[in-house]
Amino acid sequence: MAEYSKEEIKKIEQKWQEKWEKEGAYKVSDTSDKPKYYVLDMFPYPSGAGLHVGHPLGYIASDIVSRYKRSKGFNVLHPMGFDAFGLPAEQYAIQTGQHPAVTTAKNIETYKRQLRQIGFSYDWSREVQTCEPAYYKWTQWIFMQLFNAWYNKKAIVNGQLIIDGKTENISTLIAELEKNGNASINAVCDDETPSITAEEWKNFNEREKEEFLQHYRIAYQSETMVNWCAALGTVLSNDEVKDGVSERGGYPVERIKMLQWSMRITAYADRLLKGLDTIDWPEPVKEMQRNWIGKSLGCQFKFEISNLKSQIEVFTTRIDTVFGVTFLVLAPEHELVKQITTEAQQTAVENYVEVAKNRSERERMSEVKRVSGAFTGAYAVNPFNGEQIPIWISDYVLAGYGTGAVMAVPGHDERDHRFAKHFNLPIRQVVEGPSVEEEAFVSWDAKIVNSDFMNGLTVDEAIAAGIKKVEALKIGKGKVNFRLRDAIFGRQRYWGEPFPVYYKDGLPKLVEEKDLPITLPEIDEYKPTESGEPPLARAKDWNYKGFTHELTTMPGWAGSSWYWFRYMDPKNDSAFAAKEKTSYWKDVDLYMGGSEHATGHLLYSRFWCKALKDLGYVEAEEPFKKLINQGHIQGISKFVYRVNFALMDNPSKENPITPELYVSRGIAQRIHNKTITLTEATEIYNKYIEELNKLNPSRKLSVIFNDIEDLNAIENHVDIQYVDGETLDIEGFKNWREYYKDAQFILEDGKYICGSEVEKMSKSKYNVVNPDDIVSNYGADTLRLYEMFLGPLELSKPWNMQGIDGVYKFLRRFWNLFHDKNGNFTISEEAATREELKVLHKTIKKVAHDIENFSFNTSVSEFMICSNELSSIKCNKRSILEPLCIVLAPYAPHITAELWEKMGHADSILDATFPIHNEEYLTESSHEYPISINGKVRGKMNFALDMPKEDIEKIVLASETVQKWSEGKTPKKIIVVQGKIVNVVL
RNA sequence: GCCUUGGUGGUGGAAUUGGUAGACACGCAGGACUUAAAAUCCUGUGGCUAGUAAUAGUCGUGCGGGUUCAAGUCCCGCCCGAGGUACCA
């Protein structure tokens, strides 16, 4: 007496989940006669909000593929684990004092409970967590290998030169330095690496040797730009910076240089580029990586500075336009700026640099229409024609790119043109084409003019000639430039892998391998120290044999750049994975995840994989053979608007507490588009000052407020649980966080109205929807089908629950095929009719095709059509329903397992062989042709599929439809596409 | 800004890749069952015009052009949304 009711679903799903777990039904063996198939989901970060409905989208799809491949006879590895280090847990720790390990463990438990109840076929015995010492021991070990490695572009293996070069142990570099110095070494190294002889190398002391080797190591230290927030005493991600101030607290942020660990990913740039042609990834992701790597052929050369001994080095891809250069532009951070600025220009330049350095790189790149800059007063000499050209600085030139200086050719570059127009600098045409007075003319396919020896040459010829000239003048050379920069590997944070590094006399040294892992020490608070040192500086008595440890930790991507290898051998204590395991599983056959990882995780993972391969630890050159992008399930984010003013005194000395004052959406909009009245702005200012003084009673504080321009409203995410429609639940909001407790609000019509936006669903945006309710109301099988039914896997779409009833009804109808009106299980042993077989085989064909093509939404529709058809012909025959169960099982494992058992099977449906469709049942003998006149369908006619075109033409031309529309005229043309359509042209 | 991607009924989406636009669902409307409601089942459902009606005509895949016997699909130019933009993962 079983109906597919809420209670029954719960019973069935629990029963099978427990049974499968008890039997170890998903345990995978590392040895098998079957072909291997490795299906991997992207590593989830276990956030405090738990799993949201966006996560399972990809997991369900990959689970369907895993189950399908298993029923097709593959040995399928399908693991799951957690990328457990990360910023959110740390921020939570700072706020609440709870140890991130504790909250992370709790979050992981929640995730696992949620994942289990959706019925995924994960082999949980292989679970890994990046924050476990047994795991990060090997992350540290890999770091050590990369520290002890360099990139030899002239590597020789078995007497053969390796064209792309190879990662080698640093010992081969040292051996060569001892023999010949670095004269004949061809390696990827820092630009400023000096040339030395063997003699000089031998005479280096320990410090000099290490400093020299740092130019070559794959993991090395260098100075890089970061967002420094003095008030918070830490470095911030671009994400945490809004409008030049910290998202939290609204404190000023400036760009400063800091010594940090980096990874020489640029050594692999060419291989990362070439490897893309060998892997089956979505073309857009490959394209994004190509653009990110950004290989360009150009020319790097020097301009002399008039009246000074220095030179400015520029990189350009358009040396052919060098006669059109009318000024140079340096990044405001460029090291020469101070030196070349004339006295008269000093104030202007200093002011400009001060403003520019507080703008994020992203802002500087995006606001191209806002032209700004300053003249240094200095002039450079164009080496091609001896002309004196002014040197400017502007923030559209970025310090980290190329040389941090560009030769400006306003005639043929849009940004240069805008700059020249704005500052009234000359514009010159050197490429033949339309006038460049009003608009830059950018072309790679034209002739060069007004350019001395280049006149009449094509762009390509002129580039070659230009490089030749530069090299002849000995001022530079042709150069391949990559946009890709070395990856910063250090973080000023607590919750990450500690480095296996200590300092002796200020020199970084690796710990001994036997001392791994270097575990994360306990500290009292998770904040940076008062003096701005990273949190690890708080650790008491934490040292390595009396020496100080490295105090920064590794970034989020460290643990996720090799985890797929660990799943192959997750418990190994003597290697990150045993050689025989990595050579059996090799690489990931199917990787499912979002395209947001295109230029981060996916690039870093490829990099580490190549390095590990070169060093002889793994066989795979590429980690992920096939990649499928799942779209994001988007959430509706809500926003509140925090009032912000710049403080008059320097907040870095001692942080004042700034008011939590929020204005409703309409007011924020008026602030933003500057339509707010001065009266209203003044009221807000008064309120702000009042609060500011209340919060800092012992100090006299004031803020800058001259007009409405000085008033800012910063958009902050608010958790959607505190928003009803668009109105904020003020009490809920105040209780959300400690520092919102006394938040003040300026309302509209008595309400606080929130802003709203569709964004990716993410804990950090506080817009997540949890799948638990759906599972408890409808069951896991319905959730699985519904998420697939939502639309194509790779498209992003906002979450909505409309329509879930449809798939639930389908499952009930499917269940009813096996049961009579009273809920008794009844199936017939009668032979199937041809009609029934056609329905079955059409479904088998469509579903198998859909899974192979990752088109899961269309299979769900097909299942519905099939079940509707079988219902309407009242088919309950075993010979139809049994194979159908196997076909549906990857999508809805619980219901099908139950029905499979009821049909009398003692064996598991998990290992049932996926049926193969028989084309014989599907062939049609005739086709109903749409008859169109001038492309518009006017009628339909049925013809045998093998009827010759000529016969169809005759019949159609004689038909009533054509007679009616042609009104006696003779048709000009008739097109017959066999099996498809007929079109008559009048 | 730049790179990538998407835009089809009231809603999610389908369309064998240039060949009948709107499959399958949701929602809505009407009906059956019921004292009633829920559940279930049946019927209808892109817009506009004409008709009591079956139906007929016409417009229609973000906007504007183009190629073609034929365009949601290909080409050119726009508009809008989303992801990434190097310390979120």
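Lettering of chains follows the sequences in order, A, B, ..., and the numbering in each one begins at 1. Just so it is clear, the values below take in all heavy atoms, side chains as well, and ignore hydrogens, waters and symmetry mates.
- As the counterpart of B:A70, no nucleotide is assigned, since no Watson-Crick or G-U wobble pattern has both distances under 3.5 Å.
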Please list, for nucleotides 31-34 of chain B, all pairs of protein and nucleotide N/O atoms separated by less than 3.5 Å.
none

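- Here B:A56 sits opposite B:U49 as a Watson-Crick or G-U wobble pair (both hydrogen-bonding atom distances under 3.5 Å).
- Between A:Trp495 and A:Phe85, the ring planes are perpendicular. Angles over 60° get that label, and only those under 30° would be called parallel.
- B:G22 and B:C88 have their P atoms separated by 47 Å, given to the nearest Å.
- Below the 3.5 angstrom threshold, one finds no donor paired with an acceptor across the side chain of A:Asn291 and the base of B:C3.
- Taking the six-membered ring for Trp and thresholds of 30 and 60 degrees, A:Trp608 and A:Phe489 have ring planes inclined between 30 and 60 degrees apart.
- Distances shown here put a side-chain N or O of A:Arg362 below 4.0 Å from the OP1 or OP2 atom of B:A86.
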Hey, what are the protein-to-nucleotides 13-17 of chain B N/O distances that come in under 3.5 Å?
{"from": "B:G13", "atom 1": "O5'", "to": "A:Leu790", "atom 2": "O", "distance (Å)": "3.2"}
{"from": "B:G13", "atom 1": "O3'", "to": "A:Asn857", "atom 2": "ND2", "distance (Å)": "3.4"}
{"from": "B:A14", "atom 1": "OP1", "to": "A:Asn857", "atom 2": "ND2", "distance (Å)": "2.7"}

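- Computed from coordinates, the A:Met801 CE to B:G27 P distance equals 12 Å when rounded to whole Å.
- Ring centroid separation for the pair A:Trp564 and A:Tyr591 does not come in under the 6.0 Å cut-off.
- If you check B:A15 for Watson-Crick or wobble pairing at under 3.5 angstrom, you find it has no partner at all.
- Within the nucleic acid shown, A:Val977 comes within 4.0 Å of at least one base atom, counting heavy atoms only.
- Base orientation of B:G9: syn (glycosidic angle within 90° of 0).
- For the pair A:Arg491 and B:A89, the criterion of a side-chain N or O lying under 4.0 Å from OP1 or OP2 is not met.
- Aromatic ring pairs are classed by plane angle as parallel below 30°, tilted from 30° to 60° and perpendicular above 60°; the pair A:Tyr786 and A:Trp799 is perpendicular.
- Remark: B:U43 base-pairs with B:A29; criterion is Watson-Crick or G-U wobble with both hydrogen-bond distances under 3.5 Å.
- Applying the 4.0 Å criterion to OP1 and OP2 of B:A86, one finds that A:Asn238 has a side-chain N or O inside that range.
- Rounded to whole Å, the C1' atom of B:G62 lies 34 Å from the corresponding atom of B:U43.
- Nucleic acid contact class of A:Gly490 (heavy atoms, under 4.0 Å, all strands): base.
- OP1 or OP2 of B:C88 has not a single side-chain nitrogen or oxygen of A:Lys765 nearer than 4.0 Å.
- A centroid separation of less than 6.0 Å is found between the aromatic rings of A:Trp562 and A:Tyr135.
- When both distances must be under 3.5 Å, the Watson-Crick or G-U wobble mate of B:C88 does not exist.
- The aromatic rings of A:Phe607 and A:Tyr268 lie tilted to each other, with the angle between the two planes from 30° to 60°.
- The side chain of A:Arg812 contributes an N or O atom lying less than 4.0 Å from OP1 or OP2 of B:U40.
- Per the geometry, CZ belonging to A:Arg813 stands 11 Å off C1' belonging to B:C24, to the nearest Å.
- A parallel orientation is assigned to the rings of A:His819 and A:Trp815, their planes being inclined by less than 30° (bins at 30° and 60°).
- A centroid separation of less than 6.0 Å is found between the aromatic rings of A:Tyr111 and A:His55.
- A heavy-atom distance below 4.5 Å is found between the side chains of A:Asn227 and A:Arg255.
- Taking the P atom of each, B:G51 and B:G12 are spaced 35 Å apart, rounded to whole Å.
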Using the 3.5 Å cut-off, write out each protein N or O paired with an N or O of nucleotides 73-77 of chain B and the distance between them.
none

